[in-house]
Amino acid sequence: MNLADVTLEELTVDPHAALAAARATGPITWLPALDGWVVTGRDAAVEVMRDTERFTVEDQRFTTGQILGPSMLSTDGPAHAHYRAPFTSWFSDRTELLRLTDWMTERARSLVADLEPHGRADLRSSMAAPLAAATVAHMLRLDPPGADALLQWYEEIVAGVHRLTAGLEVGESATHAHRDLSEAITAVSRSDPPALLVDAFRVLTTAEVVANAAVILFGGIETAEGATANAIWHLLTNPDALTAVRIDRSLVSTAVEESLRLEPAAASIDRYATTDAEFFGASIRAGDYVIVSLAGANRDPAVFADPDRFDLGRSNVRAHTTFAVGPHACLGIRLARAQAIVGIEAVLDGFDRIRLGDDAAGPLGLVFRKPGCLDTTWIPR
Ligand code: HEM
């Protein structure tokens with residue numbers, strides 16, 4: 001495969017052959033379609049993510065930060081630590097996680113119970129997506145305005161990010177969506193802040209709390225939706241694995257992990273080189289755009305044997321890079337894992353004889369990868 005011929009369309013629909021071809025030329029390779037270096041070797045990916053002095057997120061091209069304002073996602077060094085620190089204790093609190101897992105279990109069961117009589121649904125849009133959105137709304141006590149409002153604001157802000165990336169104005173809808181979101185977070189936080197925000201209000205300004213709460217909200221919707229939907233997709237396209245998981249429920253978490261490895265819900269993250277450097281054989285220049293392909297690193301054959309295979313017996317599956325590593329490692333790792341697990345459990349318990357329907361389409365997306373349509377059928381009871 002000639003890397004100069006790889007298109008954005010190909011990277012969106014099925015990037016894995018192109019990523020393997022890029023890796024065959026070296027762990028970090030110039031990819032014209034992305035106008036940047038793509039990192040597909042796991043060791044190189046980990047080093048880029050850890051080395052925030054040489055590879056930073058702080059760049060004007062990172063348009064999300066321009067709309068939401070500075071946050072843990074758009075800063076490095078002391079500023080990043082300042083924004084991130086007040087949220088870490090809540091995300092690592094076992095009691096909070098158990099409480100939230102119970103809540104998510106109830107929610108997933110109720111979504112499945114509502115769908116069950118119909119015998120058919122797109123489980124991404126009618127189960128994984130509402131579960132993810134309702135969860136973050138619940139965490140931040142934003143119900144009301146509720147998951148639907150959050151999703152609408154999210155879509156408008158994402159559209160604004162795309163406009164900025166294309167060199168256009170951010171647009172009124174995105175500005176209004178950000179204003180409404182800020183007001184909702186500020187209002188809920190003023191008198192009795194949700195537990196997740198209590199520490200943040202002690203050390204950050206209201207604008208900083210809002211920006212970082214927005215990062216948590218938006219970091220936790222599309223990714224968690226994709227993780228649950230991709231895992232269901234992988235089980236329904238691997239009947240032996242589905243049978244194994246039905247017999248031994250302890251394999252659900254293994255299936256989630258292997259699905260996270262094969263199709264990371266966030267397939268890549270962006271960095272910008274701060275200095276000229278020789279890096280894993282590539283001559284990088286200050287200012288170059290560096291795309292860490294988590295999808296590529298997760299199929300590095302030097303680390304994962306037979307990397308394209310969905311394999312429940314993989315002993316090193318947790319070596320995947322799906323949640324990133326280093327200072328920007330995902331805050332919601334435990335929550336995301338728990339959500340995908342309860343989502344699958346609810347589907348296994350709630351539907352008889354599930355299989356993919358004719359309209360099903362597998363994971364796609366340039367950055368956020370999830371099934372185009374998780375059309376699923378079952379026999380109503
Ligand atoms: C399976 C689902 C998820 C995946 C695949 C995922 C993936 C990631 C990745 C790759 C990053 C690193 C971004 C970067 O360095 O540029 C990240 C950061 C982050 N994630 Fe997640 N995430 C998931 C779920 C969640 C959830 C449920 C939450 C919270 C509710 C969350 C909150 C965050 C936050 C706040 C950051 C920024 C951390 C920082 O910059 O210091 N994520 N996530």
Side-chain angles (χ1 to χ4, degrees), residues 39 45-46 48-52 55-59 62 64-65 68 70-77 79-88 90-92 96-97 100-101 104 128-129 131-140 142 150 154 194 196-197 200 209 211-231 253 256-257 259-272 290-295 297-298 320-344 363 365 367-370:
V39 187
V46 166
V48 171
M49 290 188 274
R50 288 202 171 127
D51 190 346
T52 55
F55 301 101
T56 184
V57 296
E58 292 186 0
D59 191 281
F62 184 62
T64 308
L68 298 182
S71 70
M72 65 180 113
L73 199 62
S74 64
T75 52
D76 276 313
H80 173 259
H82 177 63
Y83 292 140
R84 181 173 164 121
F87 299 97
T88 51
W90 188 89
F91 276 103
S92 48
E96 290 288 359
L97 179 65
L100 196 56
T101 303
M104 290 189 296
L131 177 62
T135 300
V136 284
H138 177 73
M139 279 160 56
L140 289 166
L142 290 176
L150 290 182
Y154 175 64
L196 171 55
L197 297 183
V209 174
N212 286 283
V215 164
I216 291 168
L217 264 175
F218 295 157
I221 294 182
E222 203 168 358
T223 49
E225 169 194 342
T228 302
N230 288 340
S253 67
V256 166
E257 224 53 46
S259 173
L260 287 166
R261 181 190 72 81
L262 268 182
E263 286 291 0
S268 63
I269 57 178
D270 295 344
R271 297 292 186 264
Y272 304 90
V290 179
I291 304 111
V292 181
S293 173
L294 306 174
N298 286 356
H320 69 68
T321 60
T322 295
F323 293 114
V325 298
H328 288 276
C330 178
L331 269 180
I333 299 177
R334 294 184 190 86
L335 165 58
R337 285 186 165 130
Q339 190 175 130
I341 290 170
V342 303
I344 291 176
V367 176
F368 296 112
R369 289 185 64 73
K370 51 195 178 185

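Counting begins at 1 with the first residue of the sequence. Keep in mind that this is a model prediction, so the values were computed, not measured. Quick note: numbers below take in every heavy atom, side chains included, and nothing from hydrogens, waters or symmetry partners. Whatever order the structure lists ligands and atoms in, that order sets their numbers, starting from 1.
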Practice prompt. Would you check if Thr322 and Glu257 make a side-chain contact, meaning some heavy-atom pair closer than 4.5 Å?
Written response: no
Worksheet item: With backbone taken as N, CA, C and O and side chain as the heavy atoms from C-beta onward, which portion of Arg369 lies under 4.0 Å from ligand 1: side chain, backbone, both, or neither?
Response: neither
Worksheet item: Below 4.0 Å from any atom of ligand 1, is there a heavy atom belonging to Ala224?
Response: yes
Practice prompt. Could you tell me whether a side-chain N or O of His82 sits under 3.5 Å from a main-chain N or O of Gly77, the two making a donor and an acceptor?
Written response: no
Fill in: Proximal ligand 1 atoms for Leu335, defined as those under 4.0 Å from one of its heavy atoms
27 (C), 30 (C)
Worksheet item: Looking only at protein heavy atoms, which one is nearest to atom 12 (C) of ligand 1, and how far off is it?
Response: His328 O, 3.3 Å
Worksheet entry | Met139 heavy atom under 4.0 Å from ligand 1 | yes
Discussion item. Restricting to non-hydrogen atoms, name the atom on Gly343 and the atom on Leu131 that form the minimum distance, rounded to 0.1 Å.
Written reply: CA-CD2, 4.3 Å
Worksheet item: Counting heavy atoms only, which part of Leu294 comes closer than 4.0 Å to ligand 1: side chain, backbone, both or neither?
Response: side chain
Worksheet item: With backbone taken as N, CA, C and O and side chain as the heavy atoms from C-beta onward, which portion of Ala227 lies under 4.0 Å from ligand 1: side chain, backbone, both, or neither?
Response: side chain
Worksheet item: Donor-acceptor pair, Arg369 side chain versus Gly365 backbone, under 3.5 Å?
Response: yes
Fill in: Top protein contact for atom 36 (C) of ligand 1, by heavy-atom distance
Leu331 N, 4.2 Å
Practice prompt. With heavy atoms only and a cut-off of under 4.0 Å, state how Leu73 meets ligand 1: side chain, backbone, both or neither.
Written response: both
Discussion item. Before you tell me yes or no, could you show the steps for Leu142 and Leu217 under side-chain contact (heavy atoms from CB on, under 4.5 Å), namely the whole-Å CA-CA distance, both residues' side-chain angles and the distance that decides it to 0.1 Å?
Written reply: CA-CA 10 Å; Leu142 290 176; Leu217 264 175; 4.0 Å; yes
Item to complete: If you have a sec, work out which protein heavy atom is nearest atom 38 (C) of ligand 1 and how many Å separate them, to one decimal?
Response: Arg84 NH1, 3.3 Å
Fill in: Step-by-step side-chain contact (heavy atoms from CB on, under 4.5 Å) determination, Leu73 to Leu68
CA-CA 10 Å; Leu73 199 62; Leu68 298 182; over 6 Å; no
Discussion item. If the contact criterion is a heavy-atom separation under 4.0 Å, does His80 count as touching ligand 1?
Written reply: yes
Item to complete: Distance to 0.1 Å, residue and atom name: give those for the protein heavy atom nearest to atom 32 (C) of ligand 1.
Response: Gly332 N, 3.9 Å
Item to complete: Start with the C-alpha distance between Arg271 and Val39, add both sets of side-chain angles, then the distance that settles side-chain contact (heavy atoms from CB on, under 4.5 Å), and finish with yes or no.
Response: CA-CA 11 Å; Arg271 297 292 186 264; Val39 187; over 6 Å; no
Worksheet item: Which distance, rounded to the nearest 0.5 Å, do you find between the CD1 of Ile291 and the CD1 of Ile269?
Response: 11.5 Å
Worksheet entry | Asn298 side-chain N/O to Thr321 backbone N/O, donor-acceptor pair under 3.5 Å | yes
Discussion item. For the backbone of Leu260 and the side chain of Asn230, can you confirm whether one donor and one acceptor N or O come within less than 3.5 Å of each other?
Written reply: no
Discussion item. Show me which atoms of ligand 1 lie under 4.0 Å from any heavy atom of Thr322.
Written reply: 5 (C), 7 (C), 10 (C)
Worksheet item: Tell me: protein heavy atom nearest atom 27 (C) of ligand 1, and distance?
Response: Gly220 CA, 3.6 Å
Discussion item. What protein heavy atom lies closest to atom 3 (C) of ligand 1? Include the residue and the distance to one decimal.
Written reply: Thr223 CB, 3.3 Å
Practice prompt. Flag the pair Thr88 / Leu331 as yes when at least one side-chain heavy-atom distance between them is below 4.5 Å, and no otherwise.
Written response: yes
Discussion item. So if I count the atoms of ligand 1 from 1 in the order they appear, which ones are less than 4.0 Å from some heavy atom of Pro327?
Written reply: 41 (O)
Worksheet entry | Winner among Ala336, Ala340, Ala265, Gly219 once heavy atoms are compared against atom 25 (C) of ligand 1 | Gly219
Worksheet item: Which heavy atom of the protein is the closest neighbour of atom 21 (Fe) of ligand 1, given with residue, atom name and distance?
Response: Cys330 SG, 2.3 Å
Discussion item. I'd like to know if the side chain of Asn212 reaches the main chain of Arg84, judged simply by a donor and an acceptor atom lying under 3.5 Å from each other, with no hydrogens or angles considered.
Written reply: no
Worksheet, complete the sentence: The protein heavy atom nearest to atom 16 (O) of ligand 1 is Arg271 NH1, 3.1 Å
